[in-house]
Every structure is written in C-alpha cells, then in structure tokens.
**Q** 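Once you've had a glance at the structure underneath, I'll fire off some questions.
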Amino acid sequence: MVSTSLRFLGHAALWLETGDSHILVDPFITGNPLAPVKAEDLQPEYILVTHGHGDHLGDSVEIARRSGAAVITNAEIRDWLKQKSVRSFGMNIGGSHQFPFGTLKMTQAIHSSGLDDGTPGGSPAGFVLRTLDEKCLYMAGDTGLFGDMKLIGDEGLDVALIPIGDNYTMGPEDALRAVKLLHPRIVIPIHYNTFEVIKQDARAWAELVESQTGTKVHILEPGETLRL
Ligand code: NI
Ligand code: MN
C-alpha cells in the first residue's frame, strides 16, 4: 500500500516519502542553522527546486551528483544544472507532469529567482503534488500573497506548506489570508526562524489560524515527520 510522509528539514527544506520514492524539496542543508541532517546523508531519487535562491537550491548540485537524483525545477535552472552535469527536468508555470511518485504541477509564486552566480533563474514557483495515494500537497515556495491561491485551493488540498517569515515572503497576516484562500485540511508554516529577520511566533500564528478557519495548523519542528 502506498503511503506518504513528510519530514521538515528546517527553513523550506523537506524530505518526502511516497510509495517507493524519496523526494527532497529545496535542500538548503549546508549553512542552514535549523537543518537536522547533513547533506551527505541524503539519498533521494528526486529533488524539487522552487527557485534559484541559495536558501532553496542549496545543496542540490552536490546531492544530485552523488545520488544520481533528477532535479525538477524551472526550465532556466534546468539549463544551468545541465551545464553542471546534473540530471534535471524542466517545467514551467501551469504545467503538470506525471512522475513515478505522482502528478506534479508547477504553480506561480510572487518572488524572484536569481542564481548566486548572477545567472537569471527563470520564474519562481511552487508545486502541487498529487501522490499515488491521492494526497494533495501544495508547496508554495517563496511567495507573497496572491488572489489566485483560491484556484489552487479549489484543487482540494490535504496539506499546504506556506511561508510565514515575512520580509522575503508573506508574513503571518498575509499567510492567514492565504489559508483562507487555500482552505487546506492542514497547513504547515515554513520559512521562519532560520534567521533573525524572519523570526516569528508560529504558535501564536497557529492559534490565530485555527480561531478563524477550519484548517488545522501542524507546526513541525526541524527533524519532525508528519504521516499523511
Ligand atoms: Ni527566495
Ligand atoms: Mn527563501
């Protein structure tokens, strides 16, 4: 029987297991003060990268080269990775593709995406993943609030992972408005407390969300796993 779990690796990094597949998302491990693992201990088959910033692309090149994982990201970052001899698969906003672990759709994110060496990194993105056991996960990526989150919510989300850190992304107030548009069964706050400038009180935010919406807030400490 297929089952799905997700482990929070701090900041925006996730380890997803679904069926036989191991999927790493935005693997900023080295230099991430919250990371509960070392990059060299991770052996995924797939790596999802939402955009080019160092706190998301992270250790992707090293991990992909060592493990042979395919990096799934936007077309521009795909081209950049190909020059570095990394297996990669390019998508773009609105497109879906069926992978052995489920159907993945790339969604818009209101943000930027430059790579650390100055290369333009295409459009920033989020992902909607429908797993083989019919769980629907939305990984928002780095984004500000946008009204079309309503359309993403219409897909029927089991889990939404959304940033609450403020400054670079939505802060707690806009993240609450995002939950009202997405109406997921569970929301997991990410992209906070990694650095001083994105410090937030996730528990206070959880109380606010649960008092105003029907969504359950699941705060994952770095290293913690949620089984769906
Ligand atoms: Ni970013
Ligand atoms: Mn970020």
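Heavy atoms only: backbone and side chains are in, while hydrogens, waters and symmetry mates are out. Bear in mind that the values here come from a model prediction, so they are computed numbers and not experimental data. Every number for a ligand or one of its atoms is a count from 1 in the order of the listing.
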**Q** Indicate if V217 and L181 have the same hydrophobic cluster label, given that clusters are the connected sets of ILVMFWY residues with side-chain heavy-atom separations under 4.5 angstrom.
**A** yes
**Q** Give the name of the N/O/S atom in H53 that lies closest to the Ni ion (ligand 1).
**A** ND1
**Q** Give the name of the N/O/S atom in D55 that lies closest to the Mn ion (ligand 2).
**A**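 Looking at D55, the N, O or S atom with the least distance to the Mn ion (ligand 2) is OD2.
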**Q** From H51, does some N, O or S atom reach closer than 2.8 Å to the Ni ion (ligand 1)?
**A**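 Coordinating: yes.
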**Q** Applying the side chain to side chain contact (heavy atoms under 4.5 Å, CB included) criterion to W15, which one of T225, I23, L42 satisfies it?
**A**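 Of the listed options, the one satisfying the test is L42.
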**Q** Would you verify whether the NZ or CZ of K84 falls within 45 degrees of the ring axis of W80 while also being under 6.0 Å from that six-membered ring's centre?
**A** yes
**Q** Have a look at D142 and say which of its N, O or S atoms is nearest the Mn ion (ligand 2).
**A** OD2
**Q** Answer yes or no for D142: is there an N/O/S atom below the 2.8 Å cut-off from the Ni ion (ligand 1)?
**A**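 Yes.
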**Q** Between H111 and the Mn ion (ligand 2), is there a contact where an N/O/S atom of the residue lies under 2.8 Å from the metal?
**A**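 Looking at H111, which is the residue asked about, there is no N, O or S atom under 2.8 Å from the Mn ion (ligand 2).
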**Q** How are the rings of H191 and Y168 set relative to one another: parallel (under 30°), tilted (30 to 60°) or perpendicular (over 60°)?
**A** perpendicular
**Q** For the residue pair G121 and S113, what are the closest heavy atoms and their distance?
**A**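 Minimum heavy-atom separation between G121 and S113: O-OG, 2.6 Å.
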**Q** Examine F99 and L24 and state if one hydrophobic cluster contains both, with Ile, Leu, Val, Met, Phe, Trp and Tyr joined whenever side-chain heavy atoms are less than 4.5 Å apart.
**A**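 No, it is not one cluster - the side chains of F99 and L24 are not joined through contacts under 4.5 Å.
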**Q** Is the Mn ion (ligand 2) less than 2.8 Å from at least one N/O/S atom of H191?
**A**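 An N, O or S atom of H191 is closer than 2.8 Å to the Mn ion (ligand 2), so yes.
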